[in-house]
Amino acid sequence: MKKTAVNLIFLFGAVAVMGLSLWGPELLAHYRDRTVLDRINTRTSGMEGEGYRYKLAGNEKLYILSECLNSQSLPESEQNALTRMEEESYQELGGTYAFVSNHKGPTGKEITSQEIFTTCNEMLQSLKMLGILPESVKEVRKGEYEAALYSAIDVLEPRNHVSVWKVSLSTDRKNADKANRLIDAYLDAEDGKVYEFYARTDQSWEELDPDLMIGRWSEYMGLDEPEVYETDNPLMETTPYYRKYVFPGMGDASTVVTIGFYDGINELFLKISK
């Protein structure tokens, strides 16, 4: 009798196991569907707000802008330039850089046309405090200056681009006094940092310390330390008063930055273009 009861229990257990193996997964799936379908489920993610955004380093932005400024050739309409670029294959372009007007305007992360002159004056003050610009350089005023937004683009790798504002003393003012005035400057459209400038001053080349100036400018721009660029070519500049430095660029390439001075008109410049 006892043996018969054990056999019955074993039989019922075997039947139950077979039943679960046959219908268990379906019942479980049905239960899960009832808890998920037609319901809104939320989950807090530790990565929330950390979407990937490609961002260029300071040395890379400097290099791209330099290449774009150096790629400019004889004046031509922007329409002709864009048409020519569309007709050429990427293989033929081979590393071409383009510097074009940004007609779309700031994207929301960039300095606006209403802010650019205030930002420019703030940056000029920063350069003065660092000893890069003399105190005598006057502030820019909206009615006396023009500002235009540009995009510097690596054609083969469009994500490598830099937006800059060019601030220039207006050419509409004939016989304007240029003494101690900013003539031209390129400013980063996001943070306002000054990549390049030309300014009339009351100083002479002998009063300037270009090595000190380039060191402070590189820190201001967040760049790697430069090295002196030695050259035996006396025709590299139209003035004998200059000193060149080289910064790491992209890959094995580099960027040459020049601090110089035009005697006679007392114009100091720091430029990344040729």
Side-chain angles (χ1 to χ4, degrees), residues 44-72 82 85 90 93-127 129-130 132 147-167 184-197 213-227 229 245-258 270-274:
T44 302
S45 171
M47 297 297 291
E48 187 175 359
E50 295 183 10
Y52 176 77
R53 181 173 182 268
Y54 183 74
K55 187 174 180 63
L56 293 168
N59 286 68
E60 294 173 325
K61 294 171 73 173
L62 185 75
Y63 175 78
I64 291 169
L65 180 56
S66 174
E67 289 297 305
C68 289
L69 292 176
N70 290 332
S71 71
Q72 297 181 92
L82 293 173
M85 287 173 59
Y90 281 139
L93 285 171
T96 299
Y97 291 83
F99 189 70
V100 296
S101 295
N102 187 334
H103 296 296
K104 295 181 180 180
T107 62
K109 298 178 182 178
E110 298 164 337
I111 299 164
T112 66
S113 57
Q114 290 76 30
E115 300 168 332
I116 183 57
F117 295 108
T118 299
T119 300
C120 185
N121 283 324
E122 291 173 353
M123 291 299 109
L124 291 181
Q125 188 60 34
S126 296
L127 295 180
M129 292 177 64
L130 292 170
I132 300 169
L149 185 62
Y150 290 90
S151 292
I153 307 168
D154 180 347
V155 175
L156 294 184
E157 195 67 48
R159 68 175 182 172
N160 293 340
H161 66 276
V162 183
S163 294
V164 294
W165 279 100
K166 182 180 182 182
V167 177
D184 283 305
Y186 284 106
L187 287 74
D188 190 284
E190 291 188 1
D191 59 20
K193 295 294 180 65
V194 180
Y195 288 105
E196 180 172 305
F197 68 79
M213 293 164 65
I214 198 67
R216 291 180 176 178
W217 179 78
S218 62
E219 289 182 12
Y220 158 82
M221 295 295 295
L223 305 173
D224 296 338
E225 290 187 9
E227 295 181 4
Y229 182 75
Y245 305 86
V246 61
F247 289 85
M250 300 185 72
D252 296 329
S254 58
T255 307
V256 175
V257 178
T258 307
L270 184 153
K271 66 177 185 175
I272 62 175
S273 55
K274 293 179 181 178

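Quick caveat, the model's predicted, so the values are computed rather than measured.
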Whether over 12 other heavy atoms sit under 6.0 Å from Glu225 CD: no
CG on Leu62 to NZ on Lys193, rounded to 0.5 Å: 12.5 Å
From CA spacing to verdict: side-chain contact (heavy atoms from CB on, under 4.5 Å), Tyr220, Val194: CA-CA 9 Å; Tyr220 158 82; Val194 180; 3.7 Å; yes
Partners passing side chain to side chain donor-acceptor pair (under 3.5 Å) against Glu115 (at least two apart in sequence or in another chain): Thr112
Under the side chain to side chain donor-acceptor pair (under 3.5 Å) test, residues paired with Asp184 that sit two or more places apart: Ser168
Considering all heavy atoms, the nearest Tyr186-Phe99 contact: CE2-CZ, 3.7 Å
Side-chain touch Asn70/Tyr97, heavy atoms, less than 4.5 angstrom: no
Identified side-chain contact (heavy atoms from CB on, under 4.5 Å) counterpart of Lys61 within the set Asp188, Val164, Asn160: Asp188
Side chains of Pro248 and Ser254 in contact at under 4.5 Å (non-hydrogen atoms): no
Straight-line distance of Ile111 CD1 to Leu187 CG, nearest 0.5 Å: 7.0 Å
Spatial distance of atom CG (Asn59) from atom CG (Asp224) [nearest 0.5 Å]: 4.0 Å
Side chain proximity check, Ile272 to Phe247, heavy atoms < 4.5 angstrom: no
Pro158 versus Ile153, closest heavy-atom pair with distance: CA-CG2, 4.2 Å
Nearest heavy atoms of Leu69 and Ser273, plus distance in Å: CB-CB, 3.9 Å
Trace of the side-chain contact (heavy atoms from CB on, under 4.5 Å) decision for Leu127 with Leu270: CA-CA 12 Å; Leu127 295 180; Leu270 184 153; over 6 Å; no
Nearest-0.5 Å distance, CG of residue Asn102 to NE2 of residue His161: 9.0 Å
Atom pair OH (Tyr245) and CG (Leu223), whose distance is rounded to the nearest 0.5 Å: 14.0 Å
Contact check, side chains of Ser113 and Trp165, non-hydrogen atoms, under 4.5 Å: yes
Residues that Thr258 engages under side chain to side chain donor-acceptor pair (under 3.5 Å), provided they are two or more places apart: Lys244
Polar side-chain atom of Ser71 near backbone of Cys68 as donor-acceptor pair, under 3.5 Å: yes
Note, Glu196 side chain near Leu65 side chain (heavy atom, < 4.5 Å): no
Which atom of Thr119 lies closest to which atom of Gly192, heavy atoms considered: CG2-CA, 3.9 Å
Reported CD1-to-CE distance for the pair Ile132 and Met123, which is rounded to 0.5 angstrom: 11.5 Å
Over all atoms of both residues, closest heavy-atom pair of Ser163 and Glu110: OG-OE2, 3.1 Å
Ala189 to Leu149 - nearest heavy-atom pair and separation: CB-CD1, 3.9 Å
Tyr229, OH atom: more than 12 neighbouring heavy atoms under 6.0 Å: no
